[in-house]
Number of protein chains: 2
Amino acid sequence: MDFSIGELSRRTAVKVPTIRYYEQIGLLPAPPRSEGQQRRYAKAAISRLAFIKHSRELGFEVDAIRTLLSLQDRPDHSCASADAIAKARLAEVESRIASLNALRLELTRMVDECACGRVAECRVIETLADRSHAHGPLALE
Amino acid sequence: MDFSIGELSRRTAVKVPTIRYYEQIGLLPAPPRSEGQQRRYAKAAISRLAFIKHSRELGFEVDAIRTLLSLQDRPDHSCASADAIAKARLAEVESRIASLNALRLELTRMVDECACGRVAECRVIETLADRSHAHGPLALE
DNA sequence: CCTAGTTCCTCTAGCCACTAGAGGTTCAAG
DNA sequence: CTTGAACCTCTAGTGGCTAGAGGAACTAGG
């Protein structure tokens, strides 16, 4: 009926210490314990943890996941804030993609132009040293 | 002739505590000090710091930058390892772009399909709860 | 020369989301 | 009853900074 943390880990592919960490920060409710104080989970824990896992894979921060989880528990509530969170994340991802594309362009140029001889004429080193290539800050990588 | 850490910060747009941090981890050499123990930089520090800054903007890790800097100091050496570092970073960026594109697709679908009514029929929440959407681990975000 | 205000110094702790390890207990199979 | 895997708590470390405390040193104006 109920199962151990190791079993939960196997069924969700979330590592055991990570599960304990999620409990500690309040993403997962503290489950009942066995006589010897070991955690015993019910089936509901699987779907909750899967929800968290999928959210993390999409890059939602823990705070956002907390909000999304609490929304999930109130089916009659408006889902506007879930929508807003997802849209914000989408915007982040898009701007991240844009800046990575710029990086790719510059890295490609560096690598392509390097004749790969001595450092003195190396385009890679040269480009890095060139102060005119100013970017904005990297924001989140 | 020489200038303070604040001046160096202004000229490179690298924050003062960051400059001290770079010194601490050995990216920047420790400069001479004034009588009152304040750092006094020579012009060379600007280009070295600019090199570091540009490298960070391109996403190179500190260890890689250490290698790149030491190569820069040896102009007669082969630049093969600089090339290798840049290529590795390019590969990282490309795989990162690919996974972000997958995320964007999924987020777009979620957001587009959400009729934005009650949570009970919210596509955002529904998608997150759906265990069949298994991704690999997020690697580096 | 004095003072006020800015800049500088070191040191410690915090950020995020985990991950690793020590040192000890409990469980399940044989 | 014994063995060995899995579990427990707790602390500390990761990367690349950033923030703040508490105090010393510079610099411009009077």
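Residue numbers start from 1 in every chain, and the chains themselves are labelled A, B, ... in the order their sequence lines are given, proteins ahead of strands.
Counting only heavy atoms from C-beta on, A:Arg20 has its side chain closest to D:dC7 among C:dC9, D:dC7, D:dC26. Side-chain proximity of B:Gln38 to C:dA17, C:dC27, D:dC26: nearest is D:dC26.
Between A:Tyr22 and A:Ser34, the residue anchored closer to the 5' end of DNA chain C is A:Tyr22, taking for each the nucleotide with the nearest heavy atom. Summary of the strand contacts: B:Gly36 and B:Val62 both lie near DNA chain D, and taking for each the nucleotide with the nearest heavy atom, the more 5' one is attributed to B:Val62.
Judged by the 6.0 Å distance and 45° axis criteria, A:Arg11 is positioned over the aromatic ring of A:Phe3.
For the OP1/OP2 pair of C:dT19 and a distance below 4.0 Å, the side-chain nitrogens and oxygens of A:Thr18 include at least one atom meeting the criterion. OP1 or OP2 of D:dC7 lies within a sub-4.0 Å distance of a side-chain N or O belonging to A:Ser4. The shortest distance between the side-chain N/O atoms of A:Arg39 and the OP1/OP2 oxygens of D:dT9 is below 4.0 Å. Applying the 4.0 Å criterion to OP1 and OP2 of D:dC17, one finds that B:Lys15 has every side-chain N and O outside that range. Within the 4.0 Å cut-off from OP1 or OP2 of D:dC26, not a single side-chain nitrogen or oxygen of B:Arg40 is found.
Atom OH in B:Tyr41 sits roughly 12 Å away from atom C1' in C:dC9 (whole-Å rounding). Summarising the geometry, the separation between CG on B:Leu8 and P on C:dT7 is reported as 15 Å, rounded to the nearest angstrom. Rounded to whole Å, atom P of C:dC8 lies 14 Å from atom CD of B:Glu23. Taking atom CZ of B:Arg33 as the reference point, atom P of D:dA25 lies 13 Å away to the nearest angstrom. Rounding to whole angstrom units, CG of residue B:Asp63 and P of D:dT14 are separated by 12 Å. Rounded to a whole Å, the CD atom of B:Gln24 is 10 Å from the C1' atom of C:dC11. Between the CG atom of A:Leu27 and the P atom of C:dC18 there is a distance of 9 Å, given to the nearest Å. B:Glu35 has its CD atom 15 Å from the P atom of C:dC9, to the nearest Å.
Nucleic acid contact class of A:Ile5 (heavy atoms, under 4.0 Å, all strands): sugar-phosphate only. At the heavy-atom level, B:Arg10 lies nowhere under 4.0 Å from the strands shown.
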### Query
Going through the checks in order, is the side-chain contact (heavy atoms from CB on, under 4.5 Å) test met by B:Glu106 and B:Thr127?
CA-CA 9 Å; B:Glu106 184 163 2; B:Thr127 305; 3.7 Å; yes
### Task
Take B:Arg89 and B:Glu92 through the salt bridge (Lys or Arg N to Asp or Glu O under 4.0 Å) test and state the conclusion after the steps.
CA-CA 5 Å; B:Arg89 177 62 189 151; B:Glu92 261 175 45; 2.7 Å; yes
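Put simply, the residue from B:Gln38, B:Glu23, B:Arg40 that forms a side chain to side chain contact (heavy atoms under 4.5 Å, CB included) with B:Pro31 is B:Glu23.
B:Val119 and B:Val111 are not part of a single hydrophobic cluster, where members link through side-chain heavy atoms under 4.5 Å apart.
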